[in-house]
Amino acid sequence: MEEKEDLEPIIRSNKLTRPLVLSIVGASLGFFQYGYTFFLITNPVVIKMQLVNLQKEGIDTGSVHFEFFILFSIFVSFGGLFGVYVWSCLADRYGRKCALLISNAMNVFLAAILCFDKIFQSVEFSLFARFLAGMELGMFSFSVPLYILEISSLNLRGALLTTLVFFFSWGYILVQILINPQIWGNEENYSLLVGVIAIFAILSSIFLLPSLESPRFLHIQRNEEEKARQVLKMLRGEEDVEEEMEELYQEHLAESSQKNMTVWKLLHFRSLRWHLITVVVLVSGTGFVQINMILIFAQQTYKVLGLSAKDINLLSLVGSLIVELTLLTTICTIESLGRRFLLLSGFLICTISNIALVFAFQVYSSSLIFTSIVLILFFMGYVTGLASVLPLIIGELFLQSSRVSACVIAGFVSWGANFISALLFLLTKSHLGSYYLLLYWPFMILTSIYIFWVVPETRGKTFQEIQESMAVYTSKDSGKITAE
């Protein structure tokens with residue numbers, strides 16, 4: 001495991017300037033919408049509201065219950081796939097900031113459609129609304145991380161991207177608070193629940209309008225060198241940005257063979273093959289960590305242990321706050337601990353706690369304390385490793401012109417894995433129970449092994465240096481794999 005002599009991080013400006021903070025807040029509110037929308041449309045309480053609407057239409061919910069969930073999974077997943085593709089077209093043609101603003105505008109439209117869903121009370125319209133919701137989730141899943149990755153300085157890149165998970169998780173916490181029956185957790189207030197999406201989309205746009213475009217996009221893809229220099233000066237709060245401009249120039253030269261890199265070209269581009277395999281392995285491995293299913297099994301177990309719905313919600317909020325504190329620690333330490341350590345430790349914690357959770361869910365005499373501790377450990381491993389580092393690694397492994405195409409492939413794999421796992425869950429839940437979680441356990445182990453052997457440390461390195469590190473890792477450490 002040599003080359004593991006990591007280069008000393010390059011020391012650059014750590015200033016959080018006003019233009020940088022403005023851009024980060026505006027983009028991060030997009031990730032807040034992503035978290036809120038995702039957990040809202042997949043929340044059992046909201047789905048029950050949908051079934052009540054169908055019942056009012058005169059449909060027997062008992063006969064369509066299972067089929068509705070299958071169609072729900074299909075339409076959200078295909079919407080996600082389509083959303084990733086739409087975003088890729090916008091990001092490379094109009095720029096990263098513009099793609100975010102269009103995503104916000106689409107989210108306002110989505111909120112209106114979800115409100116009409118209650119009025120029309122139609123299965124077809126409901127599925128169309130879910131397709132649009134999936135599309136918006138697909139657009140936000142990469143538009144926000146990519147924008148922040150490209151405006152951040154090298155020394156702040158990891159911390160600023162990890163902050164996105166913080167916003168995402170607060171989207172989840174807000175859903176947990178608002179679906180409380182004493183607040184908006186009833187059918188009459190469904191429009192208010194989805195209206196929150198539009199409010200944060202408008203807020204995000206207000207912050208983004210005066211924000212700056214990605215200097216990497218301007219210099220490398222638009223060839224607007226002087227404009228990129230001025231943007232860098234404002235983002236860094238310094239007049240002398242020539243070192244960073246030289247880095248952009250060198251990257252511009254280095255990726256001459258990667259210009260106009262479409263998804264099809266990327267799939268056949270030999271020198272980026274291991275980069276692409278790494279993205280597919282990491283994204284699919286993360287997709288097999290069944291967050292939603294674990295939450296469902298946890299709620300069932302808590303009910304068996306005699307907890308009321310109010311107590312379960314309170315327990316979820318307390319657990320979420322503990323996870324938030326862990327996430328804040330990760331934001332402060334990601335540049336010192338490194339990506340590899342957090343990714344490996346996150347996968348290992350999730351793998352071990354996955355087994356413990358199966359035991360806790362299956363043995364209903366398990367203590368409340370044991371189940372809660374293992375659940376919190378699982379989510380701590382997930383947010384500090386998989387959720388925090390994955391978007392960062394995907395962006396760092398590629399140069400400017402191939403990054404969007406790599407994100408499209410990652411998005412397709414992610415939504416495909418989500419669809420397959422949701423379908424398997426619906427088909428096997430009644431037969432396997434919580435043992436369903438063991439289906440993916442071997443994949444989590446294999447992903448951990450792959451990270452250990454192939455994924456390089458990217459902390460404190462420029463994108464070109466990461467390319468060189470990846471070449472060394474795949475030639476030395478994965479020799480056994482390639483020999484096969």
Side-chain angles (χ1 to χ4, degrees), residues 21-47 49-50 53 76 79-80 83 86-87 90 96-120 125-126 128-145 147-148 163-211 313 316-317 320-321 324 327:
V21 171
L22 198 67
S23 301
I24 289 165
V25 172
S28 297
L29 284 172
F31 228 60
F32 178 91
Q33 296 171 63
Y34 176 40
Y36 182 87
T37 307
F38 178 80
F39 288 108
L40 182 70
I41 66 170
T42 58
N43 191 280
V45 173
V46 176
I47 293 173
M49 290 181 193
Q50 181 60 49
N53 280 339
V76 171
V86 170
W87 162 76
L90 296 172
R96 303 345 187 192
K97 173 188 161 183
C98 189
L100 266 173
L101 286 168
I102 293 171
S103 297
N104 280 330
M106 288 291 293
N107 237 13
V108 175
F109 178 67
L110 168 66
I113 290 295
L114 288 172
C115 285
F116 283 129
D117 187 21
K118 180 186 173 183
I119 298 170
F120 285 105
F125 192 85
S126 177
F128 170 68
R130 267 51 188 185
F131 176 83
L132 280 182
M135 179 179 162
E136 275 307 291
L137 293 174
M139 291 178 74
F140 274 115
S141 60
F142 289 104
S143 60
V144 179
Y147 177 65
I148 290 186
T163 305
L164 293 181
V165 186
F166 189 74
F167 278 83
F168 179 85
S169 56
W170 273 101
Y172 165 73
I173 291 173
L174 185 60
V175 169
Q176 291 299 106
I177 293 170
L178 294 182
I179 62 167
N180 189 305
Q182 296 176 330
I183 305 179
W184 289 349
N186 50 64
E187 193 200 344
E188 290 72 30
N189 293 318
Y190 176 75
S191 299
L192 295 174
L193 283 172
V194 297
V196 172
I197 299 172
I199 291 170
F200 281 97
I202 293 167
L203 275 175
S204 175
S205 298
I206 291 170
F207 280 99
L208 280 172
L209 281 170
S211 298
N313 280 337
S316 297
L317 285 174
S320 297
L321 291 174
E324 292 301 305
L327 194 51

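In this structure Gln33 satisfies the side chain to side chain donor-acceptor pair (under 3.5 Å) test together with Asn104, Asn107, sequence neighbours excluded. Residues passing the side chain to side chain donor-acceptor pair (under 3.5 Å) test with Trp170 are Glu324, sequence neighbours excluded. Remark: Thr42 pairs with no residue by the side chain to side chain donor-acceptor pair (under 3.5 Å) rule, at least two apart or across chains.
Rounded to the nearest 0.5 angstrom, Glu136 CD and Ser143 OG are separated by 8.5 Å. Rounded to the nearest 0.5 angstrom, Ile183 CD1 and Leu192 CG are separated by 12.0 Å. Ser320 OG to Tyr172 OH: the interatomic distance, rounded to the nearest 0.5 Å, is 4.5 Å. Interatomic distance, OG of Ser28 versus CZ of Phe166, reported as 10.5 Å (0.5 Å rounding). Residue Met106 holds its CE atom at 3.5 Å from CE of Met135, rounded to the nearest 0.5 Å. Leu137 contributes atom CG, which lies 11.5 Å from atom CZ of Arg130 (distance to the nearest 0.5 angstrom).
Contact annotation: the side chain of Val76 never approaches that of Phe131 to less than 4.5 Å [non-hydrogen atoms, C-beta and beyond]. Using a 4.5 Å cut-off on side-chain heavy atoms (C-beta onward), Ser141 and Trp87 make no contact. Counting heavy atoms from C-beta on, the side chains of Tyr36 and Leu193 come closer than 4.5 Å. Residues Val144 and Phe167 form no side-chain contact, since every pair of their non-hydrogen atoms from C-beta on lies 4.5 Å or further apart.
Residues Tyr147 and Ser211 approach most closely at OH-CB, 3.8 Å, considering heavy atoms. The shortest non-hydrogen separation linking Leu110 to Ala133 is CD1-N, 3.5 Å. Closest of all the heavy-atom pairs between Gln176 and Ser316 is NE2-CB, 3.9 Å. In terms of heavy-atom proximity, Ala27 sits nearest to Leu208 at N-CD2, 3.9 Å. Ser204 and Leu29 make their closest contact through CB-CB, 3.7 Å (heavy atoms, listed as atom of the first residue, atom of the second, distance). What you find for Leu90 and Ala99 is that their closest heavy atoms are CB-CB, 4.0 Å.
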Intermediate values then yes/no, side-chain contact (heavy atoms from CB on, under 4.5 Å), Leu174 and Phe39: CA-CA 10 Å; Leu174 185 60; Phe39 288 108; over 6 Å; no

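Aromatic pair Phe200/Phe32: centroids less than 6.0 angstrom apart. For Phe140 and Phe38, the ring centers sit 6.0 Å or farther from each other.
No donor-acceptor pair under 3.5 Å is formed between the side chain of Thr37 and the backbone N or O of Tyr34.
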